[in-house]
Structures are given as structure tokens and as C-alpha cells.
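In each ligand, atom 1 is the first atom listed, and ligand 1 is the first ligand listed. Both backbone and side-chain heavy atoms feed into the values below; hydrogens, waters and symmetry mates do not.
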Amino acid sequence: MITLHDNLVSGNGYKVRLLLALLGIEHHWIDIDLDKKESRTPEFLAVNPAGRIPVLVLEDGTALPESNAILNYLADGTGWLPSGRLDRAQVLRWQCYEQYEHEPALAVVRAWTLHPEWGPQDPAMRAALLAEKREKGTAVLGVMDEVLREAPFFVAGAPTIADLTLYAYTVVAPEGGFDLAPFPHVTAWLDRIAALPGYVPITHRPGTHRPG
Ligand SMILES: N[C@@H](CCC(=O)N[C@@H](CS)C(=O)NCC(=O)O)C(=O)O
């Protein structure tokens, strides 16, 4: 059986948890306690030298880190990854956008809000970085709202892993102080995702397995 190394607070992990639930794929789930730095132990670094969750470990022991790579692996051959060349490129486009523009703003502001001990501790530097990330995050939400004004989902008019990639840290953006009310097309899209059969919220805890 496949195994997901993960943590419930992680939106990157949530992307994968959500797709596993939507596809109904049975899996082991291992909770990696980030506060206890379990992602940096020698044992975990042997699984992912980058020291990050999520990591999917396949039946043959191959470890696949990076949330969006895992989504592509799991979605291959399903409706969550379109078969057309251009549609697949559009999925990749939104996954690149998420990693470069969306996650570094929305996810980082949330992480530093939930965990004041994370990020730079110099008050002036922290305030300046947070202000910059809030501005960028608000701009990203504006881009998403414009796209969703014209289409119900990001690619090919149907839900794909592009949506799950963008959904995970958008739905929890208010935990970082982002107001979603000015983005009605984004909030309507969040509702459409939450209505999908098999949907689970970020707080849903799969059966937990501790190593050893
Ligand atoms: N680009 C990676 C980012 C993964 C990532 O940032 N993981 C965080 C949790 S969301 C983590 O493992 N942090 C613990 C650490 O860095 O030790 C992905 O999309 O999976």
C-alpha cells in the first residue's frame, strides 16, 4: 500500500490528502510532527533529503516528494489530469503559478500567523515581509477571481489537479488574515470544490500510523 508522510497543518499535504480522498485511494498516513522537527531527523532525510512533507512512498519503496508532483502521479489516467496536450500544459501553468506566486504569499503569511516562532524574528523585517506578502497574496486572489469570473474551474471547464493545487492554501487564507469577501468568484469556486463527492476538509485526519 502507498504511504503518505504528512502533517495536518500543511496545505501542501492537504492537496494530496484531498486527491486521495476524492479518488478513494486507500493509503497509510504517517503524521510528521513539524514542531518536533521530525522532518529533519536522519530517518526522514533518508526519505526526502529536502526535509519536507508531503512525501508519497510507493509500494516498491520509491519516495516521491513535492505536492504537485505527487498530484500528477496520482491523477495520471484519471479525469483529474486532462489528456489533451494543451490542457495538461495549462495544469502545469497553474501549478507553477501556485509554487512561485501563490504559496510564497498566502501560505507563508498563514504559517507565520499560526506559528509566530517561524520566519524572521526581527520585528521590523518581519513586518515588512508580511506587508509585502499580504500585498502579493491579495494580487494573486485578484488574478484567480478574474479567471474564475469566466470559467467554473481553472482548466477545461472541469475540476482538475490545477484546482486542488490552488485550493489548499486559498481555503485557509483567512487564517493568515486575508479577506476573501472581495473575491466572490473565488469563494463560489471554493464552494464548488467543497461540494465534490469525497471531499474532506483540511482538518480531516486519515488513519494515523506512527513509524516503528
Ligand atoms: N514545494 C514543496 C514544499 C513543501 C513544504 O514547504 N513543506 C513544509 C510543510 S508545508 C515542511 O515540510 N516544512 C518542514 C520543514 O521545512 O522542516 C511542496 O509543494 O511539497
Side-chain angles (χ1 to χ4, degrees), residues 2-22 25 27-58 62-76 80-81 91-121 126 129-130 133 136-137 140 144 154 160-176 178 200-206 208-211:
I2 58 172
T3 299
L4 181 64
H5 296 257
D6 189 13
N7 182 274
L8 277 196
V9 81
S10 168
N12 287 313
Y14 179 43
K15 296 172 194 173
V16 181
R17 289 199 294 285
L18 181 52
L19 182 60
L20 286 167
L22 291 164
I25 296 178
H27 58 284
H28 288 301
W29 189 79
I30 296 182
D31 181 23
I32 301 296
D33 190 329
L34 302 182
D35 290 326
K36 291 187 185 150
K37 304 222 176 297
E38 287 181 358
S39 52
R40 301 291 164 154
T41 62
E43 293 76 23
F44 188 80
L45 291 173
V47 177
N48 180 11
R52 303 251 165 152
I53 54 97
V55 181
L56 187 73
V57 179
L58 308 181
T62 304
L64 180 62
E66 290 295 330
S67 58
N68 292 338
I70 300 170
L71 290 185
N72 277 272
Y73 176 80
L74 292 172
D76 193 45
W80 287 95
L81 184 59
V91 167
L92 181 58
R93 163 218 177 167
W94 286 114
Q95 292 188 317
C96 292
Y97 183 75
E98 186 264 346
Q99 287 285 289
Y100 193 73
E101 307 274 354
H102 182 282
E103 199 259 16
L106 296 169
V108 172
V109 171
R110 169 181 177 258
W112 292 0
T113 304
L114 296 180
H115 291 271
E117 72 280 14
W118 291 358
Q121 295 299 306
R126 188 177 182 91
L129 278 171
L130 276 171
K133 287 177 182 298
K136 284 189 177 165
V140 163
M144 292 171 65
F154 278 87
T160 68
I161 54 172
D163 296 283
L164 304 188
T165 292
L166 289 163
Y167 178 81
Y169 281 114
T170 303
V171 72
V172 292
E175 293 177 10
F178 288 96
V200 290
I202 192 169
T203 48
H204 174 78
R205 188 181 189 91
T208 307
H209 298 264
R210 305 290 305 179

TODO: Nearest 0.5 Å please: distance from the OG atom of Ser67 over to the CD atom of Gln99.
DONE: 5.0 Å
Open item on the list: Let me confirm one number: the CH2-OG1 distance from Trp118 to Thr113, rounded to the nearest 0.5 Å.
Closed with: 11.5 Å
Open item on the list: If we count only N and O atoms by modelled type, under 3.5 Å, do the side chains of Glu98 and Thr165 hold a donor and an acceptor together?
Closed with: no
Open item on the list: Any donor-acceptor pair under 3.5 Å linking the side-chain atoms of Glu66 with those of Asn12?
Closed with: no
- [ ] Give me the ring orientation class for His5 and Phe44: parallel if the planes are under 30° apart, tilted from 30 to 60°, perpendicular past 60°.
- [x] perpendicular
TODO: Ignoring hydrogens, just give me the one of Glu66, Arg110, His5, Glu38 whose non-hydrogen atom is nearest atom 2 (C) of ligand 1.
DONE: Glu66
TODO: For atom 7 (N) of ligand 1, state which one of Asn12, Ile53, Ile70, Asn68 supplies the nearest heavy atom.
DONE: Ile53
Open item on the list: Return the closest protein heavy atom for atom 19 (O) of ligand 1 as residue, atom name and distance.
Closed with: Ser67 OG, 2.6 Å
Task: Shortest protein heavy-atom distance from atom 11 (C) of ligand 1, along with the residue and atom involved - done: Arg52 CD, 3.7 Å
What atoms of ligand 1 come within less than 4.0 Å of a heavy atom belonging to [X]?
X: Tyr169; result: 10 (S)
X: Ser10; result: 9 (C), 10 (S)
X: Pro54; result: 20 (O)
X: Gly51; result: 15 (C), 16 (O), 17 (O)
X: Arg40; result: 15 (C), 16 (O), 17 (O)

- [ ] Looking only at non-hydrogen atoms, find the nearest pair between Glu117 and Gln121 and report the distance.
- [x] O-NE2, 3.2 Å
- [ ] With sequence neighbours excluded, tell me which residues meet salt bridge (charged side-chain N to carboxylate O under 4.0 Å, His left out) with Arg52.
- [x] none
Open item on the list: So for atom OH, which belongs to Tyr97, do other residues, nucleotides or ligands contribute more than 12 heavy atoms lying within a distance under 6.0 Å?
Closed with: yes
- [ ] Ignoring angles and geometry beyond distance, decide whether Gln99 reaches within less than 3.5 Å of ligand 1 through its nitrogen or oxygen atoms.
- [x] yes
Open item on the list: Applying a heavy-atom cut-off of 4.0 Å, say which part of Ser39 lies close to ligand 1: side chain, backbone, both or neither.
Closed with: side chain
